Amino acid sequence: MGDQEGGLRARLVAVGVALVAEEGVQALTLREIARRAGVSHGAPRRHFPTHRELLSAIAREGFARVAAEAATAAADDGRGARERIAAVCGSYIRFAREHRGMYELMLRHDLLESGYLGLRSVSLPLFDLLTTLLIEARTEAEAETGSRPATATGARSGAGSDAGSDAGPGAGAGSGAGSDDGPRTGSDDRPEAGFDDGPESAPRPGAAPPRVTAGALWANLHGIVQLWEWGALKLATGEDDIDALLRAALDAHLGPDQR
């Protein structure tokens with residue numbers, strides 16, 4: 001492909017990027033892109049035999065921008081993994097809200113399914129970044145759990161043992177306080193509050209694999225953006241700050257922030 005031909009291809013894509021930003025996905029016709037690029041309406045087909053291939057090339061530019069912004073947000077500059085996850089998610093939400101046309105184009109199922117330009121694989125780096133950060137966040141939470149002093153749970157457990165020994169032989173027999181049959185319970189036979197596996201941010205037994213959690217969080221981001229733009233979330237929650245919804249989503253997937 002000569003420089004002139006390569007230049008035309010790049011110009012067609014650039015025109016499409018500008019057009020979708022100005023007028024939305026519905027404006028991305030071959031004829032209008034060609035007109036704005038200053039070429040005949042048949043010229044784009046020399047580089048993009050189908051309309052779908054041209055749209056895929058335009059969408060690829062959107063994925064590249066999202067990836068660049070996410071990489072900046074995730075920079076390892078001394079922040080913890082959870083804070084970097086929040087920054088990545090925030091950058092994604094901002095992009096989706098500020099570039100509605102491009103965002104809609106990027107999520108078009110027919111483009112992703114076509115396989116042209118590998119759009120599906122181009123979208124995976126962001127997903128992989130979230131997965132990696134989630135693994136780091138869990139590791140940090142586990143390390144924090146191991147470095148903390150005895151919790152109120154442990155103190156209460158120890159206190160119960162001491163109380164039983166001070167009261168004399170057989171003092172706990174009637175209440176079952178010294179029994180090894182299972183976790184201590186209150187009077188209604190439910191486990192006492194506080195008997196947990198550590199801070200809320202640490203992964204519990206049975207926690208979903210990081211990649212599954214990343215998928216759930218990613219889906220949550222899409223839902224927040226769409227429902228917020230439609231006005232449904234404001235109406236349902238009375239919340240005026242979309243960041244509050246993001247914080248709630250992070251708490252739901254990572255556990256409450258313990259800072």
Side-chain angles (χ1 to χ4, degrees), residues 1-77 84-85 87-133 214-215 217-219 221-222 224-226 228-230 242:
M1 181 185 297
D3 290 342
Q4 185 173 359
E5 287 296 295
L8 175 57
R9 185 185 192 283
R11 186 160 83 252
L12 291 169
V13 173
V15 165
V17 169
L19 184 57
V20 75
E22 294 171 13
E23 300 184 23
V25 175
Q26 68 282 354
L28 292 175
T29 64
L30 281 172
R31 186 176 292 273
E32 180 59 17
I33 291 174
R35 186 187 72 78
R36 292 196 177 204
V39 297
S40 68
H41 67 268
R45 295 193 180 278
R46 292 203 297 270
H47 302 284
F48 305 101
T50 67
H51 186 212
R52 182 177 296 170
E53 290 177 359
L54 175 54
L55 294 182
S56 295
I58 296 168
R60 189 182 178 91
E61 295 297 307
F63 280 115
R65 180 166 179 180
V66 167
E69 293 182 1
T72 299
D76 189 357
D77 53 6
R84 292 157 65 204
I85 291 171
V88 169
C89 292
S91 73
Y92 187 83
I93 287 177
R94 282 192 300 276
F95 179 90
R97 297 186 67 201
E98 294 172 2
H99 306 279
R100 294 295 295 164
M102 178 63 82
Y103 181 68
E104 180 182 343
L105 181 66
M106 289 163 58
L107 298 182
R108 273 186 47 167
H109 185 264
D110 60 327
L111 301 187
L112 293 171
E113 282 293 317
S114 73
Y116 185 71
L117 294 179
L119 276 191
R120 186 177 293 277
S121 61
V122 169
S123 69
L124 290 179
L126 174 61
F127 191 75
D128 292 339
L129 176 61
L130 274 179
T131 301
T132 298
L133 289 174
L217 178 56
W218 197 11
L221 297 181
H222 287 290
I224 288 173
V225 169
Q226 294 290 59
W228 187 269
E229 291 301 315
W230 292 339
I242 194 172

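All values below come from the heavy atoms of this structure, side chains included, with hydrogens, waters and symmetry mates left out. If you're wondering where the values come from, they're calculated on a predicted model, not measured in any experiment. Positions are given from 1 along the sequence.
The CG atom of Leu129 sits 8.0 Å away from the CZ atom of Arg84 when rounded to the nearest 0.5 Å. Rounded to the nearest 0.5 angstrom, Arg97 CZ and Tyr92 OH are separated by 14.0 Å. In this structure, the separation between CG on Leu112 and CG on Leu107 is 7.0 Å, given to the nearest 0.5 Å. In this structure, CG on Leu12 lies 13.0 Å from CZ on Arg36, to the nearest 0.5 angstrom. Considering CG of Leu55 and CE of Met106, their distance stands at 14.0 Å, rounded to 0.5 Å. Atoms OG and NE2, on Ser114 and His109 in that order, are 10.5 Å from each other to the nearest 0.5 Å.
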Give the C-alpha distance, both sets of side-chain angles, the deciding distance and a yes or no for side chain to side chain contact (heavy atoms under 4.5 Å, CB included) between Glu69 and Phe95.
CA-CA 9 Å; Glu69 293 182 1; Phe95 179 90; 4.0 Å; yes
Please lay out, stage by stage, how Arg65 and His99 fare under the test side chain to side chain contact (heavy atoms under 4.5 Å, CB included).
CA-CA 11 Å; Arg65 180 166 179 180; His99 306 279; 3.3 Å; yes
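Side-chain atoms of Val17 and Met102, non-hydrogen and from C-beta on, do get closer than 4.5 Å to each other. Counting heavy atoms from C-beta outward, Leu105 and Arg108 have side chains that approach closer than 4.5 Å. With a 4.5 Å cut-off on side-chain heavy atoms, Ile85 and Leu217 count as touching. Here the side chains of Arg9 and Phe48 are in contact, with some heavy-atom distance below 4.5 Å. Contact check for Ile33 versus Ile58: side-chain heavy atoms found under the 4.5 Å cut-off. Leu221 places none of its side-chain heavy atoms less than 4.5 Å from the side chain of Val225.
Listed by chain and residue number, nothing satisfies the salt bridge (Lys or Arg N to Asp or Glu O under 4.0 Å) test with Arg31 (two or more places apart in sequence, or in another chain). Partners of Arg94 according to the side-chain hydrogen bond (donor to acceptor under 3.5 Å, both in side chains) rule, which considers only residues two or more places apart in sequence or in another chain, do not exist here. Every residue meeting the side chain to side chain contact (heavy atoms under 4.5 Å, CB included) condition with Val122, not counting sequence neighbours, appears here in chain and number order: Arg60, Phe63.
Ring pair Trp218/Phe127 is tilted by interplanar angle, where 30° to 60° counts as tilted.
A pairwise comparison of heavy atoms in Ser56 and Leu111 identifies OG-CD2, 3.8 Å as the closest pair. In plain terms, the two heavy atoms of Ala74 and Val88 that are nearest each other are CB-CG2, 3.6 Å. Arg120 approaches Ser123 most closely through the heavy-atom pair O-OG, 2.7 Å.
The number of heavy-atom neighbours closer than 6.0 Å to NE2 of His41, taken from other residues, nucleotides and ligands shown, is 12 or below.
No donor-acceptor pair closer than 3.5 Å links the side chain of His47 to the backbone N or O of Leu54.
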